[in-house]
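Heads up, the thing below is written out as structure tokens.
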Amino acid sequence: MDKSKRIFFKSKRSFRRRLPSIQSGDRIDYRNMSLISRFISEQGKILSRRVNRLTLKQQRLITIAIKQARILSSLPFLNNEKQFERSESTPRPTGLRTKNK
């Protein structure tokens, strides 16, 4: 076969389908924290459907379950742990403050 004709052939790659992240037996519920926590980022945001590889119906159910868990305070709305951490390097004033005249 000519090399010039070989260019037009598509390479046949093996397509490996990923396993679904939610099995058929898993219930999408606000109480199922082990399942819900897989679909939340480190910052506490709901991950997109493209990242999760979920169907539209599954993504809707996951979103509703996460919002219900947040309202019932099972999950925090924001996960800003860095905001509350104090570093040792910042000097803190000690003693009474005096008024300069």
Side-chain angles (χ1 to χ4, degrees):
M1 197 178 251
D2 248 12
K3 285 186 179 180
S4 61
K5 289 184 180 179
R6 213 181 270 173
I7 295 170
F8 296 109
F9 286 119
K10 284 187 177 180
S11 64
K12 293 186 179 180
R13 294 182 191 169
S14 63
F15 181 72
R16 195 176 122 215
R17 198 158 199 191
R18 290 191 180 195
L19 293 173
S21 53
I22 297 178
Q23 278 74 31
S24 60
D26 289 339
R27 281 194 65 185
I28 301 172
D29 198 16
Y30 68 92
R31 292 173 282 180
N32 194 351
M33 295 304 294
S34 60
L35 179 71
I36 288 177
S37 60
R38 283 192 271 164
F39 304 108
I40 298 176
S41 69
E42 292 177 4
Q43 299 156 348
K45 296 180 180 179
I46 301 172
L47 294 174
S48 69
R49 207 180 125 210
R50 191 178 301 160
V51 175
N52 289 337
R53 298 199 180 265
L54 296 175
T55 63
L56 184 61
K57 188 174 183 179
Q58 288 173 336
Q59 181 70 21
R60 274 197 223 115
L61 291 172
I62 285 289
T63 304
I64 290 168
I66 290 171
K67 289 179 180 180
Q68 285 175 344
R70 284 176 177 168
I71 289 169
L72 294 172
S73 68
S74 300
L75 280 175
F77 280 92
L78 295 174
N79 195 8
N80 291 339
E81 293 176 2
K82 293 179 184 177
Q83 180 182 357
F84 299 110
E85 291 178 2
R86 287 193 179 175
S87 61
E88 296 290 328
S89 63
T90 57
R92 298 185 77 198
T94 56
L96 299 173
R97 293 183 186 177
T98 58
K99 201 177 205 182
N100 291 337
K101 291 184 181 180

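Since this is a predicted model, take the numbers as computed values, not measurements. Because only heavy atoms are used, hydrogens play no part in the values below, and waters and symmetry mates are left out as well, while side chains stay in.
Separating the CZ atom in Arg31 from the CD atom in Gln68 is a distance of 9.5 Å, to the nearest 0.5 Å.
The side chain to side chain contact (heavy atoms under 4.5 Å, CB included) search around Leu47 returns Ser41, Val51, Asn52, not counting sequence neighbours.
Two different hydrophobic clusters hold Tyr30 and Ile62 under the rule that ILVMFWY side chains link at heavy-atom gaps under 4.5 Å. One hydrophobic cluster, built from ILVMFWY side chains closer than 4.5 Å, cannot hold both Leu61 and Ile71; they sit in different ones.
In terms of heavy atoms, Leu54 sits closest to Gln59 at CD1-OE1, 3.3 Å. In terms of heavy-atom proximity, Arg27 sits nearest to Asn32 at O-ND2, 3.1 Å. Summarising the geometry of Arg70 relative to Phe77, their closest heavy-atom pair is O-CE1, 3.5 Å, with the distance given to 0.1 Å.
Just one of Ile46, Ile66, Ile28 meets the side-chain contact (heavy atoms from CB on, under 4.5 Å) condition when paired with Ile36; it is Ile66.
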